[in-house]
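First the structure, in the form of structure tokens, and then the observations on it.
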Amino acid sequence: MRHAVLVAVIVLGCPAGVLACKSACVPPPLDRAFSQSTAVYYGTVRSNVAAPFVNSLTLDVARTWKGDVAGRASVVAEGSTCDPLGDDVGVGDRLLVFAVPAQSHPNANVTTGLWTGYCTGSRKIEGEGEARRVFTALDRLARRE
């Protein structure tokens, strides 16, 4: 009986969208995020245009480790309870992007372009110390490929 109550609390306490996710979102470790991505880059968010469940992000790219991304780049990010990255970033935020083709991601709500989210490993970079640590690790990974 206690287990049934616990399950009911967990299910009833979840936002409706979480239960509708096509797959659970667990951000991968840095090395797996790198190997599974088509493009890996870092930049400053210049715009974040929201639509239902997705956000179109435009970034000024400062550094690229993988893929053909430079200058100003656009990527679609999930903005839902499944993976709220698109809703969490704002103009001026520094973002590390691990992007995959939209059609290859199980939660993608679009079928063209590049897709990103916490599920692909993307995240905001806070502070110079974190940036140095992450960039050093990405430099090593890029040299291996």
Side-chain angles (χ1 to χ4, degrees), residues 6-145:
L6 179 60
V7 170
V9 168
I10 292 171
V11 170
L12 295 175
C14 288
V18 170
L19 300 177
C21 295
K22 297 176 192 166
S23 68
C25 178
V26 178
L30 198 65
D31 59 338
R32 189 165 1 121
F34 187 87
S35 67
Q36 293 174 345
S37 297
T38 302
V40 179
Y41 58 96
Y42 166 81
T44 303
V45 177
R46 287 294 156 225
S47 70
N48 181 347
V49 179
F53 306 109
V54 296
N55 295 58
S56 178
L57 305 176
T58 302
L59 289 89
D60 286 336
V61 177
R63 195 154 177 196
T64 303
W65 290 270
K66 189 175 186 181
D68 187 21
V69 181
R72 192 158 278 184
S74 295
V75 64
V76 175
E78 183 147 352
S80 72
T81 53
C82 296
D83 185 345
L85 176 72
D87 292 337
D88 288 349
V89 298
V91 172
D93 284 342
R94 298 178 311 156
L95 188 64
L96 176 63
V97 176
F98 293 90
V100 298
Q103 67 273 17
S104 73
H105 195 274
N107 286 341
N109 296 323
V110 295
T111 57
T112 61
L114 290 176
W115 181 262
T116 194
Y118 289 126
C119 294
T120 64
S122 293
R123 60 182 175 256
K124 287 194 268 187
I125 297 292
E126 309 280 351
E128 295 306 314
E130 181 185 9
R132 268 192 307 278
R133 182 182 57 75
V134 172
F135 292 177
T136 299
L138 289 170
D139 289 343
R140 273 191 239 120
L141 290 168
R143 281 193 296 271
R144 286 188 208 159
E145 284 218 347

Could you please spell out the steps behind the side chain to side chain contact (heavy atoms under 4.5 Å, CB included) verdict for L59 and L95?
-> CA-CA 8 Å; L59 289 89; L95 188 64; 3.9 Å; yes

Euclidean distance, [Y] [atom2] relative to [X] [atom1], rounded to 0.5 Å:
X    : Y    : atom1 : atom2 : result
L96  : L138 : CG    : CG    : 6.0 Å
L57  : L114 : CG    : CG    : 11.5 Å
S122 : Y42  : OG    : OH    : 13.5 Å
N48  : D88  : CG    : CG    : 10.0 Å

Salt-bridge present (E128, R94; N to O < 4.0 Å) =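 Here E128 pairs with R94 in a salt bridge, since their nearest N and O are under 4.0 Å apart.
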
Would D139 and R63 pass as an ion pair if we require N to O under 4.0 Å?
->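 Here D139 pairs with R63 in a salt bridge, since their nearest N and O are under 4.0 Å apart.
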
Would you find a donor on one side and an acceptor on the other, under 3.5 Å apart, between the side chain of D60 and the backbone of R46?
->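 Side chain of D60 to backbone of R46, a donor-acceptor pair under 3.5 Å: no, none is there.
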
Got L30 and F98 here, is their nearest side-chain heavy-atom distance under 4.5 Å?
->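 Yes, at least one pair of side-chain atoms sits under 4.5 Å.
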
Determine whether N55 and V49 make a side-chain contact, defined as any pair of heavy atoms from C-beta on separated by less than 4.5 Å.
->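 Answer no - side chains too far apart.
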
Measure up the W65 and F135 rings against each other and bin them: parallel (under 30°), tilted (30 to 60°), perpendicular (over 60°).
->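 Tilted, since the angle between the ring planes falls between 30° and 60°.
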
With K66 as the cation and F34 as the aromatic partner, state whether NZ or CZ is under 6.0 Å from the six-membered ring centre and within 45° of the axis.
->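 Satisfied, under 6.0 Å and within 45°.
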
